[in-house]
Amino acid sequence: MKRSVIPREFFCRYTPEVASDLVGCRLVRVIRGRRISGIVVETEAYRGPKDPASHAYRGKTSRNGVMFGPPGHAYVYFTMGMHFCLNVTTEPTGTPGAVLLRAIEPEEGIAVMVKNRGPIAVDRLASGPGNLTKALGIGKELDGEDLVMSDRIFLEHGRMAREIGTSPRVGVSAGRSTRWRFFERGNRFVSRGRPSSPQNP
DNA sequence: TAATGGATGTTCT
DNA sequence: GAACATCCATTAT
C-alpha cells in the first residue's frame, strides 16, 4: 500500500509558502494504534533573524534549537503557563523556520478528542493552537519528532483547500506588517484569534 | 456581541 | 523580574 505521507522536500522551502500549502493537508496522530486526524485549516509562518515575532529572532537557544535543524520535524513548546503549541520545521538545515498549526477540521477519532477536551462543540475541538495540541494529546515528548519517519504523528495529502485567506499573525506584538497567517476562507473550524477581528479581510 | 483580566510556568534579560 | 506565537469566564454594552 502506497503511503501518502508528505515528503521532506515539501518542507524544505520558503516558510510562508509551506504554511500556505499546508492548508488542506491532513494531520494524523496515532495513539495506541488508533488514528486521530483532521484537515489543517489555519497556519502561521515564523522565520529567523529578520522576523522579530519568531523565537529564532535572537539566535539559537536550548528551546528553539529544533527550528535550526532539518525540515519536516515537530517543534513543540510550552506557552503562557498552560498550553503546548505544535509547529513543523521548514527551510534547509541551518536556516531557522517553522509553521505553527493553529486549527484542524476533525475527521477521525472525534470521540477521543472530546474525551481530551471535554464536552464542547465539534467546531471548537481543535480550533486554536492550545486546543489543537490538547485534543490530539500532544506534549513536549514529541518535540523534535521526525514527521516524515514517525508513526506517532505525521502529515498526509488531504484535500484541496477552497480558497486561502491571509491576515497578520495572532497574538504577536512584533511583525504586524507581514500577513503570514493562512486559513481556508469561510471554514467554520478556523479560530477567531482575537475578538472581532475580521475573518475575511 | 465586544472588551477585559486571571490562571499559570518556562525562558531569557 | 518581565515577557510570552493562549484560553475562557466574567463584565459591560
Side-chain angles (χ1 to χ4, degrees), chain A residues 11 14-20 22-23 27 38 40-69 71 73-91 95-104 106 113-145 147 165-183 188-201:
Chain A
F11 304 104
Y14 182 61
T15 306
E17 195 175 307
V18 178
S20 177
L22 273 173
V23 176
L27 174 65
V40 175
V41 296
E42 183 182 355
T43 64
E44 282 178 7
Y46 290 89
R47 298 193 78 229
K50 291 199 288 191
D51 179 6
S54 172
H55 286 170
Y57 182 55
R58 296 174 203 285
K60 191 172 176 178
T61 67
S62 58
R63 172 164 72 151
N64 66 22
V66 179
M67 285 182 76
F68 292 76
H73 287 242
Y75 169 40
V76 180
Y77 64 88
F78 193 63
T79 191
M80 298 315 217
M82 295 191 166
H83 303 287
F84 290 102
C85 290
L86 171 66
N87 301 248
V88 182
T89 61
T90 57
E91 316 253 359
T95 303
V99 175
L100 171 65
L101 302 184
R102 291 189 56 88
I104 65 172
M113 296 193 215
V114 170
K115 189 179 171 192
N116 288 340
R117 287 272 290 132
I120 58 170
V122 177
D123 59 9
R124 295 180 57 195
L125 267 183
S127 178
N131 292 336
L132 186 155
T133 54
K134 189 173 180 187
L136 298 188
I138 293 167
K140 72 176 185 339
E141 72 277 3
L142 289 174
D143 189 28
E145 186 88 350
L147 299 174
T166 67
S167 79
R169 290 169 290 184
V170 173
V172 307
S173 48
R176 280 293 176 85
S177 55
T178 48
R179 298 170 71 86
W180 280 358
R181 173 171 175 248
F182 303 89
F183 54 91
R188 74 184 211 274
F189 297 90
V190 172
S191 75
R192 265 188 212 76
R194 296 199 91 110
S196 86
S197 71
Q199 191 156 115
N200 296 321

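So that the names make sense, note that chain A is the first sequence line, chain B the second, and so on, each numbered from 1.
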Report summary line: note: A/H55, atom NE2; B/dT13, atom P; distance rounded to Å ~ 13 Å
Query raised in the report: Atom NZ of A/K134 and atom C1' of C/dC8: how far apart are they, to the nearest Å?
Result: 11 Å
Query - A/S54 vs A/M67 side-chain heavy atoms within contact, under 4.5 Å - result: yes
Query - Residue A/C85, side-chain atoms from C-beta onward, closest of C/dC8, C/dT6, B/dT11 - result: C/dT6
Query raised in the report: Rounding to a whole Å, what distance do you find between A/Y46:OH and C/dC4:C1'?
Result: 11 Å
Query - A/R58 side chain, from C-beta outward: closest of C/dA5, C/dT6, B/dT13 - result: B/dT13
Requested in this report: Can you tell me the distance, in whole Å, between the CE atom of A/M80 and the P atom of B/dG5?
Outcome: 15 Å
Query raised in the report: For A/R124 and A/N131, what are the C-alpha separation, side-chain angles and deciding distance, and is it a side-chain hydrogen bond (donor to acceptor under 3.5 Å, both in side chains)?
Result: CA-CA 8 Å; A/R124 295 180 57 195; A/N131 292 336; over 6 Å; no
Query raised in the report: With respect to the side chain of A/R117, which nucleotide from C/dC8, C/dT6, B/dC12 is positioned closest?
Result: C/dC8
Report task. Just compare C/dA5, B/dA7, C/dC8 and give me whichever is closest to any side-chain atom of A/V172. Result -> C/dA5
Report task. Give A/R169 one of three labels, base, sugar-phosphate or nothing, depending on what nucleic acid heavy atoms sit under 4.0 Å from its own. Result -> nothing
Query - Pair assignment for B/dT8, Watson-Crick or G-U wobble, requiring both distances under 3.5 Å - result: none
Report summary line: Per atom distances to the A/R124 side chain, the nearest of C/dA5, C/dC8, B/dC12 is C/dC8
Query - Under-4.0 Å side-chain N/O to phosphate OP1/OP2 contact, A/T61 with B/dC12 - result: yes
Report summary line: Winner on side-chain proximity to A/V170, out of B/dC12, C/dA5, C/dT6, is C/dT6
**Report entry** A/N87 side chain vs A/A45 backbone, donor-acceptor pair below 3.5 Å
**Finding:** no
Query raised in the report: What integer distance in Å separates A/R63:CZ from B/dG9:C1'?
Result: 11 Å
Report task. Compare the minimum distances between each of C/dC4, B/dC12, B/dG9 and the side chain of A/F78, then state the nucleotide with the smallest one. Result -> B/dG9
Query - Cation-aromatic face contact A/R102/A/F183, 6.0 Å, 45 degrees - result: no
Query - Whole angstrom value for the distance that separates P of C/dA3 from OH of A/Y77 - result: 18 Å
Query raised in the report: Which nucleotide, in any strand shown, forms a Watson-Crick or G-U wobble pair with C/dA5, with both distances under 3.5 Å?
Result: none
Report task. Using atom CG of A/L125 as one end and atom P of C/dC7 as the other, report the distance to the nearest whole Å. Result -> 14 Å
Requested in this report: Could you point out which residue of A/D123, A/L125, A/V40 forms a side chain to side chain contact (heavy atoms under 4.5 Å, CB included) with A/F189?
Outcome: A/D123
Query raised in the report: A/N64 CG to C/dC4 C1': how many Å, rounded?
Result: 14 Å
Requested in this report: Would you classify A/N131 as touching base, sugar-phosphate or nothing, given that sugar-phosphate means primed atoms plus P, OP1 and OP2, and contacts are heavy atoms under 4.0 Å?
Outcome: sugar-phosphate
